[in-house]
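Below is one structure, written out as structure tokens, with a few remarks after it.
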2 protein chains.
Amino acid sequence: MTDPQTRYTTIVNRLRENDHKLTPQRLAIAKILAHSEGHPSVETIHQALQGDFPTMSLATVYRNVLLIKSLGEVLELGFADGSNRYDGNKPYPHPHVVCVKCKAIIDPDLESLKDMTAEVSAETGFKILSHRVDFFGVCKACQTSIK
Amino acid sequence: MTDPQTRYTTIVNRLRENDHKLTPQRLAIAKILAHSEGHPSVETIHQALQGDFPTMSLATVYRNVLLIKSLGEVLELGFADGSNRYDGNKPYPHPHVVCVKCKAIIDPDLESLKDMTAEVSAETGFKILSHRVDFFGVCKACQTSIK
DNA sequence: TTTTCTGCAAATGCTTTGCATGGGA
DNA sequence: TCCCATGCAAAGCATTTGCAGAAAA
């Protein structure tokens, strides 16, 4: 994981460079994205800020996540069920492991990803630019939970 | 690619086994899914059937794709732009290679996929159930095309 | 005949947009 | 001061659902 403080600074700088105002709401959203613990959804971000900004609207979260995404500082993960999750800590393509029960998302380090990319290239002749690699399963905690 | 005729028969049998009526609309949708040329969307399927069923509603397509999916006979591919595409020819998780220029989609055979799944399991402790592995790049033809 | 399926329209649920006010720079 | 940003509500969009009539078995 990248240092959240560093990521936060980077995002704020990028906002400044592009002449976007640094409102308290915007900075608060940027801070959450810089951490991106558990890969938050818009809903999660909104709820997390209810304490500090009781009147903050969902629209503001949507607008700012979209803005930061347009600056290339957040990775959007759209899923088949329509849910969108965000990662502003590692805003570049990387593998994910998703728990189908508790919806937790983990970033594994996969040694074999480089080899697989090479294999794809060799077999198809494609020049590979990016990827979306997700695994779905049940996390340790959910495997042992009594329910 | 699996023989579309075989896939069609399998889907129809599965429908019969589960006591679902074989309406003309349902069978027509099953036939398109059995071929799944170009990984059709609901919209695409609906338009393709306008000739034979001018009054067919989108709801019917949605309901039947959902039904066949619930029988495990179609793979749903949700993309970041919100579009959902379906594959009833190979209804199980498999890797895709997408050309970002001409939108061609290839199904590569990746030897390293099994190893990667094992690596994910070993590193995270997850019990892996399925995956979504897509690579994006430029195909051979588009690499050499003069533009 | 019985039960499911279809077509239509209304209702979702998530995301975006219009507008007037509020607040950065 | 000058605009951009926010909050609210309304509008969009793709998908789902309720209902009455139509069709499969």
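Computed from heavy atoms alone, side chains included, the values below leave out hydrogens, waters and symmetry copies. We name chains A, B, ... by the order of the sequence lines, and we start the count at 1 in each one.
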Checklist entry - Is a side-chain donor or acceptor of A:R7 paired with a backbone partner of A:E73 at a separation under 3.5 angstrom? => result yes
Tracing side-chain contacts under 4.5 Å among Ile, Leu, Val, Met, Phe, Trp and Tyr outward from A:L77 reaches A:L75, A:F79, A:V98, A:V100, A:I105, A:F136, A:V138, B:L129
Should the heavy atoms of other residues, nucleotides or ligands under 6.0 Å from NZ of B:K140 be counted, would the total exceed 12?
-> no
To the nearest angstrom, the CZ-P distance between A:F53 and C:dG23 comes to 12 Å
Atom NE2 of B:H46 and atom P of C:dT6 are separated, to the nearest Å, by 12 Å
Pull out every protein N or O sitting under 3.5 Å from an N or O of nucleotides 8-14 of chain D, one pair per line with the distance.
residue, atom, partner, partner atom, Å
D:dC8, OP2, A:T55, O, 3.2

Separation of C:dC5 atom P from B:L15 atom CG, nearest Å, is 9 Å
From CD1 of B:I45 across to P of C:dT6 the rounded distance in Å is 14 Å
note: A:E43, atom CD; C:dC14, atom C1'; distance rounded to Å ~ 10 Å
Would you check if the side chain of A:S121 reaches a backbone N or O of A:K127 as a donor-acceptor pair within less than 3.5 Å? no
note: B:L49, atom CG; C:dC5, atom C1'; distance rounded to Å ~ 16 Å
query = Going through the checks in order, is the side chain to side chain donor-acceptor pair (under 3.5 Å) test met by A:S41 and A:T44?
reply = CA-CA 5 Å; A:S41 64; A:T44 303; 2.8 Å; yes
Quick note, side-chain hydrogen bond (donor to acceptor under 3.5 Å, both in side chains) partners involving residues 20-30 of chain A, not counting sequence neighbours, are A:R26-A:N64
Residues of residues 19-39 of chain B with a heavy atom under 4.0 Å from any atom of DNA chain D, listed by number, are B:K21, B:L22, B:P24
Here the distance between atom P of C:dG13 and atom CG of A:N84, to the nearest Å, is 17 Å
With a 3.5 Å cut-off and sequence neighbours excluded, list the donor-acceptor pairs that the side chains of residues 108-117 of chain A form with protein atoms.
residue, atom, partner, partner atom, Å
A:S112, OG, B:E119, OE1, 2.5
A:T117, OG1, A:L113, O, 2.9

Notebook entry, point to check: So does B:R132 pair up with B:D134, basic N to acidic O under 4.0 Å?
Noted result: yes
Taken to the nearest whole Å, CG/B:N18 to C1'/C:dT3 is 16 Å
Sorted by chain and number, sequence neighbours left out, ring pair (Phe, Tyr, Trp, His ring centres under 6.0 Å) with B:H46 holds for none
